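Notes follow the structure.
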Amino acid sequence: MRTIQLSSPGGLDRLHLVEAEPRAPGPGEIMVRVRASSLNYHDYIVVKGGVPTKDGRIPMSDGAGEVVEVGEGVDRFAAGDSVISTFFPRWKDGEPDSYAISEVPGDRGIDGFASEFVTASADGFSHAPKGYSHMEAATLTCAGLTAWRALMVNGGLKPGDTVLTMGTGGVSIFALQFAKLAGATVISTSSSDDKLKRLQEMGADHIINYRKFPEWGQMAKELTDGRGVDHVVEIGGSGSLAQSVEACRHGGHIAMIGVLASRDEKPTPAGMPSPMVKVMMKQIRLCGLTVGARRHQEDMIRAIEANGLRPVLDRSFALEALADAFRYQETGSHFGKIGIEI
Ligand SMILES: NC(=O)c1ccc[n+]([C@@H]2O[C@H](COP(=O)([O-])OP(=O)(O)OC[C@H]3O[C@@H](n4cnc5c(N)ncnc54)[C@H](OP(=O)(O)O)[C@@H]3O)[C@@H](O)[C@H]2O)c1
């Protein structure tokens, strides 16, 4: 089988296509013919060497394909089933603990899905949504579930709520889609006017160019007649938190998800309350999260099937062009998900 391995200490020129032997499934395992994966910022950090991995690690957290063989004792899947990987194969349900989140495919702990075949515990997979292509299904593991959990699980989103999404990466586009699905009003930001137009076409009710308007938090609040938004899908981290806090209503919810703006962080001007103090004053729930459990994924898939939601795919690359896919991600010109065909 063809597989991509990352040689230590990482870097886009250290992704190598190699031939390897697939492994037959043992008890409790399934063998999957992987047909697609998709890029996340997390995978980018791993392949750039930002997360130390063993030499020869197979990258990519997300994988979708069909089951080719099931091991002894597996009754949730049969050969031919379309499946999706889970971000935390050990976290099936309940509260996360250190064991549940100790392994992420393509990361420190175990190999990922940049490979034609993967043999792993059946616990780490769910069925794919009916009618989805493998490529569509491969967008859900990390970005889809993160957006779902932020809004539907932790946020308790309800119709009429206002959601603020930031930028047009994988998580944010799914957040826009799930928010519209639930009957929310959505304020979306981007650094690009062209992308803002596309966000509007997808149903964003209000759009703000965060580059042109660095005080976008105040603008978002004004768009809610001064009440503030109910939920912020925060993918910027400390560098954007001050604006997110500004945008959020009292008792609102900020889903702390990413760190994309943290390099731009500016010192708080003397005498001004820090964003964290304002979070406390406004009693905003800052909710750290890392993706979600299989049960959350199964709930999300039921919602997708019931509503016909389709992911937004920007473009796809062949497995052997994985490094080019990351270079394309580096440009930030993508809208939605970047796929890998395997
Ligand atoms: N906690 C979790 O479980 C979890 C799960 C998934 C992702 N994440 C994190 O969430 C973040 C987004 O991940 P992703 O996979 O969706 O990334 P991605 O697809 O690579 O998103 C890139 C986009 O983010 C936007 N962006 C970049 N800098 C920004 C800034 N300063 N302010 C607002 N938007 C900005 C840009 O949109 P425009 O071009 O439109 O400006 C850019 O195109 C990453 O930090 C990632 O590590 C965390």
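Predicted model only: the values in this text are computed from it and were never measured. One-based numbering, in listed order, for ligands and for the atoms of each.
Of the possible donor and acceptor atoms, none in the side chain of T119 sits under 3.5 Å from a partner among the backbone N and O of A24.
At a 4.0 Å cut-off, not a single heavy atom of R211 sits close enough to ligand 1 to count as contact. Using 4.0 Å as the threshold, G332 has a heavy atom nearer than that to some atom of ligand 1. Contact annotation: G236 has no heavy atom less than 4.0 Å from any atom of ligand 1.
Of the N and O atoms on the side chains of D205 and T185, not one donor lies less than 3.5 Å from an acceptor on the other residue. Between H134 and E341, the side chains place no donor N or O within less than 3.5 Å of an acceptor N or O (distance only, hydrogens not considered).
A ring-centre distance under 6.0 Å is not found for Y210 and W216.
Listed by number with element, the atoms of ligand 1 under 4.0 angstrom from any heavy atom of C142 are 5 (C), 6 (C). Those atoms of ligand 1 with a heavy atom of N40 less than 4.0 angstrom away are 15 (O). Those atoms of ligand 1 with a heavy atom of Q329 less than 4.0 angstrom away are 20 (O). Atom numbering of ligand 1 starts at 1 in the shown order; those under 4.0 Å from a heavy atom of G170 are 16 (O), 19 (O). Applying the 4.0 Å criterion to heavy atoms of V259 picks out, from ligand 1, the atoms 45 (O).
Of the listed options G258, G237, G167, G167 places a heavy atom closest to atom 25 (C) of ligand 1. Within the set V171, I235, L39, the minimum heavy-atom distance to atom 7 (C) of ligand 1 is found for V171. Comparing heavy-atom distances from atom 1 (N) of ligand 1 across T290, L289, D314, T189 singles out L289 as nearest. Comparing Y210, F88, Y41 by heavy-atom distance to atom 33 (C) of ligand 1, the nearest is Y210.
In summary, of the residues considered (L39, T139, L313), a side chain to side chain contact (heavy atoms under 4.5 Å, CB included) with I338 occurs for L39 alone.
Below 3.5 Å of separation, one finds no N or O of S192 facing any N or O of ligand 1. By the 3.5 Å distance cut-off applied to N or O atoms, T168 is counted among the residues near ligand 1.
The hydrophobic cluster containing M31, built from Ile/Leu/Val/Met/Phe/Trp/Tyr side-chain heavy atoms closer than 4.5 Å, also comprises M1, V68, F117.
Between F178 and W148, the ring-plane angle classifies as perpendicular under the 30° and 60° cut-offs.
The salt bridge (Lys or Arg N to Asp or Glu O under 4.0 Å) test applied to E298 returns R76, R294, not counting sequence neighbours.
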